[in-house]
Amino acid sequence: MRHLLSTRNLSRDDAVRILDIAEDMADVATREVKKLPTLRGRTVVNLFFEDSTRTRISFEAAAKRLSADVINFSAKGSSVSKGESLKDTAQTLEAMGADGVVVRHPSSGAPQTLAQSGWIDAGIVNAGDGTHEHPTQALLDAFTIRRRMHGSAARGRDLDGVSVVIVGDILHSRVARSNVWLLTTLGASVTLVAPPTLFPVGMGTWPADVRYDLDAAIDDVRPDVVMMLRIQAERMRAAFFPNSREYARVWGLDDARTARLAPGSIVMHPGPMNRGLEISAAAADSTRSTVREQVANGVSVRMAVLYLLLAGGGEV
Ligand code: ASP
């Protein structure tokens, strides 16, 4: 693997391999010294043109646990805010000897542009591009689901037979897109639930069922996993639903809906959560919720990805 730009082109075997290596990385996190020498002497740059808390810290922790040197570059306060182009920024990083660049960018396709440009020779990891993809989020979600479903027997397994309902702002969600491709590749069935205004056009080609009624989806699908998405107000240029109270009432995971979920099912959210809007505080903090596990698992999954991209994918 040279770059990780999307989950769409990952095969089942690639995906299972990444998740298995992430299991090994998670084992490292339980040791007293949580560090491997694998990327000693390599430089990873976190190039963030958009705000992030979890993802940036998670990539930083992952790179450091593999002993890489890490440079955090946020576009605010840099020459990018003076109008420096992506090309010039990339060439600066190339001159500094970056081996891996983790990119978050408001424009869909920016990481792909970097990877194909020839401006920089580093391995590129997409850490979220516009409304397009967020592949490491989907990998950490798949890892979290696999662990909750199969516990210590998770290694080597896919998500065959697991049913996942993804609810909310599908239109603006790179998390939903990356998850649709990855979870279905791993054998899960995916149902998307949202108001009609929050579905993108051209969804007919996605390998997912579409529904507009959350209550009916919970009762008919009996999902193993309910994944709630954040309402991405910062990307909304129009009114997509009447008001937040109405959204929470019809499409939010409130306490009554949580109580109706099948035994053993889990509730996920990529964060940051709008508590009281797409998810109630009780649902977010319940024993079904994997929100904190998702954050912890993110480090293991990103270690696996950096290892595969930058260390050549030998034995861990
Ligand atoms: N943190 C995720 C992302 O960057 C989800 C979200 O922001 O709602 O896409």
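When a ligand or atom number is given, it counts from 1 through the structure's own listing order. Values in this document were obtained by computation on a predicted structure and should not be read as measured data. All values below come from the heavy atoms of this structure, side chains included, with hydrogens, waters and symmetry mates left out.
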### Query
Does Ser52 have a heavy atom less than 4.0 Å from any atom of ligand 1?
no
### Query
Does Gly128 come within less than 4.0 Å of ligand 1, judged by its heavy atoms?
no
Can you sort out which atoms of ligand 1 are near [X], meaning under 4.0 Å from one of its heavy atoms?
X	answer
Arg104	4 (O)
Val175	2 (C), 5 (C), 9 (O)
His134	3 (C), 4 (O), 9 (O)
Gln232	8 (O)

Would you check whether [X] has a nitrogen or oxygen atom less than 3.5 angstrom from a nitrogen or oxygen atom of ligand 1?
X	answer
Gln137	no
Thr55	no
Pro270	no

### Task
Looking only at protein heavy atoms, identify the closest one to atom 1 (N) of ligand 1 and say how far it is in Å.
Gly271 O, 3.0 Å
### Task
Looking only at protein heavy atoms, identify the closest one to atom 6 (C) of ligand 1 and say how far it is in Å.
Arg230 NE, 3.4 Å
### Query
Knowing that exactly one of Thr184, Thr7, Asp141 qualifies, which makes a side-chain hydrogen bond (donor to acceptor under 3.5 Å, both in side chains) with Asn179?
Asp141
One thing to verify: whether [Y] and [X] come together as a salt bridge, which I'm taking to mean a side-chain N less than 4.0 angstrom from a carboxylate O.
X	Y	answer
Glu293	Arg147	no
Asp215	Arg260	yes
Arg257	Asp219	no

### Message
Looking at Leu277, is its backbone amide N or carbonyl O close enough to the side chain of Asn274 to form a donor-acceptor pair, meaning the two atoms are under 3.5 Å apart?
### Response
no
### Qualifying residues under ring-ring contact (aromatic ring centres under 6.0 Å, His included), relative to Phe49, sequence neighbours excluded
His105
### Task
Flag the pair Tyr212 / Phe199 as yes when their ring centroid distance falls below 6.0 Å, and as no otherwise.
yes
### Message
Is the terminal nitrogen or CZ of Arg302 (NZ for Lys, CZ for Arg) located under 6.0 angstrom from the six-membered ring centre of Phe59 and within 45° of that ring's axis?
### Response
yes
